[in-house]
Amino acid sequence: MTTLAWQPEFDLQQPRMDRTHHEFVQLLAAAEHAAAGAPTDVALRALLEHTEAHFEQEERWMSQLGFAPEGCHSMQHESVLQVLREVVRRHAAAADATLVGQLVAALGQWFPMHATMMDAALAMTMAERGFDPETGRL
């Protein structure tokens with residue numbers, strides 16, 4: 001059983017953002033599978049690298065838009081990255097499937113709220129202002 005499966009409400013009508021979110025859900029499932037016995041280090045590093053790029057992309061968009069809730073949104077990103085980096089570090093030092101399972105469960109609870117509230121507000125602002133995420137232009 002996967003901690004998080006893709007839900008229609010995660011589609012925010014911003015193709016690049018939606019692709020990135022799909023990838024996040026897939027990588028989270030891979031980390032969950034890895035915690036059950038597959039190569040966990042590889043799955044965790046892939047999730048971390050993707051999440052860093054994912055958040056950097058959203059941070060760039062928020063900055064380009066002068067997005068008002070940027071501070072709160074960014075604080076969530078930073079908190080998630082701190083935890084993810086710490087789990088990767090601890091797992092590398094002493095493989096701990098329980099810790100990875102806890103991370104996956106926590107991210108599985110966090111992501112739906114973040115996507116449907118924080119990211120949805122960003123996607124709506126992008127659409128309202130005619131922002132092109134590919135070029136960074138309004």
Side-chain angles (χ1 to χ4, degrees):
M1 180 171 162
T2 59
T3 297
L4 180 64
W6 188 259
Q7 302 295 316
E9 61 266 21
F10 298 163
D11 280 315
L12 302 177
Q13 308 310 310
Q14 284 290 342
R16 187 166 173 187
M17 184 184 288
D18 291 338
R19 273 192 316 273
T20 301
H21 286 169
H22 270 280
E23 292 165 1
F24 178 83
V25 170
Q26 290 170 340
L27 288 166
L28 192 60
E32 180 177 36
H33 175 70
T40 309
D41 287 338
V42 173
L44 278 176
R45 291 220 176 267
L47 179 61
L48 174 59
E49 289 171 9
H50 174 272
T51 304
E52 287 172 334
H54 169 181
F55 291 173
E56 286 172 11
Q57 174 179 270
E58 289 183 8
E59 299 287 332
R60 204 169 32 256
W61 294 338
M62 289 188 289
S63 178
Q64 290 169 320
L65 285 164
F67 185 63
E70 177 181 7
C72 182
H73 197 147
S74 296
M75 285 181 4
Q76 279 197 14
H77 286 171
E78 188 54 39
S79 294
V80 167
L81 286 174
Q82 285 177 350
V83 170
L84 188 49
R85 288 174 180 140
E86 182 63 13
V87 170
V88 168
R89 186 191 69 73
R90 287 185 184 189
H91 190 272
D96 185 347
T98 302
L99 185 60
V100 175
Q102 291 170 338
L103 170 73
V104 168
L107 290 176
Q109 290 179 336
W110 168 81
F111 179 77
M113 291 185 293
H114 183 80
T116 60
M117 294 172 60
M118 297 275 186
D119 288 342
L122 175 58
M124 184 177 71
T125 301
M126 292 165 76
E128 286 174 351
R129 295 190 188 168
F131 180 77
D132 180 356
E134 300 299 330
T135 65
R137 294 187 185 143
L138 294 172

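Quick note: numbers below take in every heavy atom, side chains included, and nothing from hydrogens, waters or symmetry partners.
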Task: From OG1 (Thr51) to CG (Leu28), nearest 0.5 Å - done: 8.5 Å

Task: Non-hydrogen atoms of Ala43 and Ala30 that approach each other most closely - done: CB-O, 3.9 Å

Task: Value rounded to 0.5 Å, distance of CG in Asp132 from CD in Gln14 - done: 9.0 Å

Task: Between CG on residue Leu27 and NE2 on residue His22, distance to nearest 0.5 Å - done: 13.0 Å

TODO: Measure across Arg16 and Pro133 and return the closest heavy-atom pair with its distance rounded to 0.1 Å.
DONE: NH1-O, 3.1 Å

- [ ] With the side chain counted from C-beta on, respond yes when Arg90 and Asp96 share a heavy-atom pair under 4.5 Å apart, and no when they do not.
- [x] no

Open item on the list: Which residues end up grouped with Leu138 if you chain together Ile, Leu, Val, Met, Phe, Trp and Tyr wherever their side-chain heavy atoms are less than 4.5 Å apart?
Closed with: Leu12, Met17, Trp61, Met62, Leu65, Phe67, Leu122, Met126, Phe131

TODO: For residues His77 and Glu56, determine if any side-chain heavy atom of one lies less than 4.5 Å from a side-chain heavy atom of the other.
DONE: no

TODO: State which residues pass ring pair (Phe, Tyr, Trp, His ring centres under 6.0 Å) with His91; sequence neighbours excluded, sorted by chain then number.
DONE: none

Side-chain atoms of residues 99-111: list all donor-acceptor pairs with protein atoms under 3.5 Å, sequence neighbours left out, distances to 0.1 Å.
residue : atom : partner : partner atom : Å
Trp110  : NE1  : Gln76   : OE1          : 3.1

Task: Ser74 and Glu59 side chains, donor-acceptor separation under 3.5 Å - done: yes

Task: Met118 reachable from Leu4 in the ILVMFWY side-chain graph, under 4.5 Å edges - done: no

Open item on the list: Among Gln57, Glu58, Glu52, which residue satisfies the side chain to side chain donor-acceptor pair (under 3.5 Å) criterion with His54?
Closed with: Glu58

Open item on the list: Are Asp11 and Trp6 packed together at the side-chain level, in the sense that at least one heavy-atom pair is separated by less than 4.5 angstrom?
Closed with: yes

Open item on the list: Using 0.5 Å steps for rounding, measure from the CG atom of Leu84 to the CZ atom of Arg45.
Closed with: 10.0 Å

Task: side-chain contact (heavy atoms from CB on, under 4.5 Å) between Arg137 and Gln64, intermediate numbers included - done: CA-CA 8 Å; Arg137 294 187 185 143; Gln64 290 169 320; over 6 Å; no

